Enquirer: 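There's a structure below that I have some questions on.
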Amino acid sequence: MSDSTSATPGLRDRLTQAINQGARRVPTWVLYIVGAVPPIWLFIAGLTGGLGVDPVKAMEHQMGEWALWLLIAGLCITPLRRFARINLLRFRRAIGLLAFFYIVGHLLVWLVLDVQILSQIWRDILKRPYITIGMAAFVLLIPLAVTSNNFSIRQMGARWRQLHKLVYLAAVLGAVHFVMLVKGFQYEPLIYLGVVLALLALRLPILSRRR
Amino acid sequence: MSRIWKSQFKDHHVTDEALYLNRRQWMAGAAGLGLGAIAGPALAAPEGLEPNSYEDITNYNNYYEFGTGKSDPAKYAHTLTTSPWTVTIDGLVDKPGDYQLEDILAKAQIEERIYRLRCVEAWSMVIPWNGFTLASLLERAGVQSGAKYVAFETAARPEEMPGLRYPVLDWPYREGLRLDEAMHPLTLMATGLYGKDLPNQNGAPIRLVVPWKYGFKSIKSITRITLQEDQPFTSWKDANHREYGFYSNVNPTVDHPRWSQATERVIGAGLFGSRRETDMYNGYGEEVASLYDGMDLQKNY
Ligand code: HEM
């Protein structure tokens, strides 16, 4: 913990430094390119029979799961910086926007390939709590995606940071959505919810004041 | 009543399965296949009911004893020992006891039944089963007059079923039918599909098939059948009685609380396949609707 105060840097510090230096060399646009590959691959696999017997559900589930990973990755940035001094802040926007695009993809699979029927779509959004909650998470993320640019940050000032705290709620709702949709008692979605809640807990004043 | 299992296939369906379906005629009556004798004439489907491929049927399964993913059973169910296999028949029967599967099969009239399977998760596929009526088995055991229900139990072997480590349901998996449902001629004990022995992921070596009910009623790998007076414990109802009722008849007008039952995704239709409208009693209403005369189906879901 106090490695950083000693004269010769410890292994942990050198590692942190290496990560930070390496990260600085990666342009952020690389993330958008890399992030576009999995959904495209998924779609092609679905078309060519690579996703098994039920490609629609496979795509729907995979996009949902990846979106949740990305939301979680986005929530890791601040704790990593605060507790491990790993600085990946410049990738946060790309990760957040990718999460949003993946959720749009997840939603599109549901709309276009799965449910298809307009009247049933509306009924499901209103009547099915897990869909309502997923939808709420998506709607909360729209203003965040729209304001994920330098211009908005300059324009909005302190309000920008306030607004972007909505991602906490959206991530919780996304994980709750997963908990609600499985049948029987299953651990996997609860683990995701636990991870999201733990990452939010790290932001509580008691914990974040540690340093 | 023969509407359900009479009629023919379109001959443009040129796959291995189609070959099998054509060869059925001469296979009918041939002994072997480890299925006992296939009785002819082979029974077919109502018009337009085209079976899914063997591939579809054996790679998309809900069998939580082997994991909750749809492809888990295909991956892990090979560990299940299906021979020797004993089915205990007990309760209100004249001849209770442990019935060896070979003995059951030796006297069984194996038929082919092509049924649509409608899952409670709002998807469906069409499966050419081989099996015999549950009624014929129950008659052999001798149902006593006090019996009103039939309870079924799936094998629960932690050393062979990795899914039992997780408390997804209260193991062993249990299901039940009212006696008249059990005795209905559509109610099948399946021991094969596509003329082959039942693959483990589909519930080998012997499973129930009740085509007018959601798939989870059609319990797999049965080790016990109990005739009793009271309505049996059923696993999904126990897990969530608001979502899964004892009857669980396919009914497009009664939604599952978490999803609509009005339509179903057709497995095997590909990425751009469309949904089909779900039929009351999964299309078997002509045969079974009278079983539920006077019952409130909104309450008895
Ligand atoms: C923050 C937003 C969201 C997140 C993080 C999210 C995440 C997930 C996850 C992790 C799954 C399960 C994947 C699996 O089983 O492996 C899932 C399934 C699903 N999601 Fe979402 N989701 C979100 C929004 C939505 C929205 C807006 C809709 C539609 C209106 C939706 C509809 C569905 C459906 C229909 C399923 C599949 C349910 C089934 O098994 O049939 N989700 N989602």
Side-chain angles (χ1 to χ4, degrees), chain A residues 39-63 65 105 108-134 176-191, chain B residues 52-62 64-65 67-72 74-75 119-125 163 165-171 173 216 235-236 238-240 243-244 252 255-278:
Chain A
I40 293 171
W41 170 82
L42 197 66
F43 190 71
I44 293 171
L47 280 178
T48 54
L51 296 181
V53 170
D54 191 5
V56 176
K57 274 288 138 163
M59 280 181 74
E60 193 171 277
H61 283 200
Q62 197 53 258
M63 288 304 289
E65 203 172 318
L108 282 177
V109 173
W110 182 72
L111 291 174
V112 179
L113 300 178
D114 184 356
V115 181
Q116 298 170 339
I117 305 155
L118 207 58
S119 59
Q120 195 172 323
I121 286 170
W122 278 117
R123 249 182 296 138
D124 275 4
I125 290 174
L126 298 175
K127 251 178 93 173
R128 318 276 162 221
Y130 86 91
I131 297 280
T132 317
I133 285 179
V176 167
H177 158 79
F178 190 10
V179 171
M180 290 175 74
L181 66 88
V182 295
K183 283 168 60 199
F185 178 84
Q186 296 186 32
Y187 288 119
E188 192 190 354
L190 294 172
I191 293 169
Chain B
N52 279 79
S53 68
Y54 187 77
E55 165 91 10
D56 286 355
I57 297 169
T58 56
N59 285 289
Y60 194 78
N61 309 98
N62 275 328
Y64 282 9
E65 284 84 341
T68 52
K70 291 284 185 292
S71 50
D72 288 342
K75 270 184 242 153
C119 179
V120 72
E121 297 164 343
W123 54 263
S124 70
M125 55 166 85
R165 270 179 292 171
Y166 306 100
V168 182
L169 292 167
D170 182 5
W171 313 112
Y173 191 75
F216 68 87
S235 294
W236 279 108
D238 170 70
N240 191 338
E243 300 193 353
Y244 311 98
D255 282 348
H256 183 281
R258 282 185 283 164
W259 50 83
S260 162
Q261 296 291 26
T263 61
E264 63 208 37
R265 258 164 345 96
V266 180
I267 299 300
L271 205 51
F272 301 105
S274 53
R275 288 183 169 246
R276 69 183 296 280
E277 307 237 323
T278 292

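The shown structure was predicted, so the numbers you read here are calculated from the model rather than taken from an experiment. The chains referred to below are lettered A, B, ... by the order of the sequence lines, with proteins before strands, and numbering in each begins at 1.
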Enquirer: Please check if the side chain of B:R258 supplies one atom and the backbone of A:R128 the other of a donor-acceptor pair under 3.5 Å.
Expert: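 Judged by distance alone, no pair lies under 3.5 Å.
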
Enquirer: What part of A:V109 lies closer than 4.5 angstrom to a heavy atom of chain B: side chain, backbone, both or neither?
Expert: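 Contact with chain B is absent: no heavy atom of A:V109 under 4.5 Å.
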
Enquirer: Where on A:M59 is there a heavy atom nearer than 4.5 Å to chain B: the side chain, the backbone, both, or neither?
Expert: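 The side chain, not the backbone.
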
Enquirer: Who passes side-chain hydrogen bond (donor to acceptor under 3.5 Å, both in side chains) against B:E121, sequence neighbours left out?
Expert: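 Applying side-chain hydrogen bond (donor to acceptor under 3.5 Å, both in side chains) to B:E121 gives A:K183, B:N62, B:K70, B:W123.
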
Enquirer: Under the criterion side chain to side chain contact (heavy atoms under 4.5 Å, CB included), I'd like the reasoning laid out for A:L47 against B:F272: C-alpha separation, chi angles, the key distance, then a yes or no.
Expert: CA-CA 9 Å; A:L47 280 178; B:F272 301 105; 3.4 Å; yes

Enquirer: For each of B:V120, B:T68, B:V266, tally heavy-atom pairs with chain A at distances under 4.5 Å, and name the one with the top tally.
Expert: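 Answer, by heavy-atom pair count under 4.5 Å with chain A: B:T68.
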
Enquirer: Rounded to the nearest 0.5 Å, how far does OH of B:Y166 lie from CD of A:E188?
Expert: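 The CD atom of A:E188 sits 10.5 Å away from the OH atom of B:Y166.
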
Enquirer: Would you call A:K127-B:D255 a salt bridge at under 4.0 Å N-O?
Expert: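 A salt bridge links A:K127 with B:D255.
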
Enquirer: Would you indicate whether A:Y130, at its atom OH, is surrounded by more than 12 heavy atoms from other residues, nucleotides or ligands within a distance under 6.0 Å?
Expert: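 Yes, enclosed.
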
Enquirer: Might you point out which heavy atoms bring A:P129 and B:P257 nearest each other, and give the distance in Å?
Expert: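 Between these two residues, the closest heavy atoms are CD-O, 4.3 Å.
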
Enquirer: What is the minimum heavy-atom distance between B:G270 and A:P55, and which atoms define it?
Expert: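 Nearest pair, atom of B:G270 first, then A:P55: C-CG, 3.9 Å.
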
Enquirer: Could you look at B:S71 and say if it's the side chain, the backbone, both or neither that has a heavy atom under 4.5 Å from chain A?
Expert: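 The answer is neither part of B:S71.
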
Enquirer: So which atom in A:G46 and which in B:L271 form the shortest heavy-atom distance, rounded to 0.1 Å?
Expert: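 Answer, listing the atom of A:G46 first, then B:L271: C-CD2, 3.8 Å.
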
Enquirer: Apply side chain to side chain contact (heavy atoms under 4.5 Å, CB included) to B:T263 and A:Q116, showing your working.
Expert: CA-CA 11 Å; B:T263 61; A:Q116 298 170 339; over 6 Å; no

Enquirer: Please determine, among A:L51, A:V56, A:D54, the option with the most heavy-atom pairs under 4.5 Å with chain B.
Expert: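 Most pairs with chain B among the choices: A:D54.
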
Enquirer: Check whether A:I117 gets within reach of chain B through its side chain, its backbone, both or neither, counting any heavy atom under 4.5 Å.
Expert: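 Answer is side chain: those atoms of A:I117 sit under 4.5 Å from chain B.
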
Enquirer: If I measure from the heavy atoms of chain B, does A:Y187 come under 4.5 Å with its side chain, its backbone, both, or neither?
Expert: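 Contact with chain B is through the side chain of A:Y187 alone.
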
Enquirer: Please flag which part of B:D56 lies under 4.5 Å from any non-hydrogen atom of chain A: side chain, backbone, both or neither.
Expert: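 Both parts, heavy atoms under 4.5 Å.
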
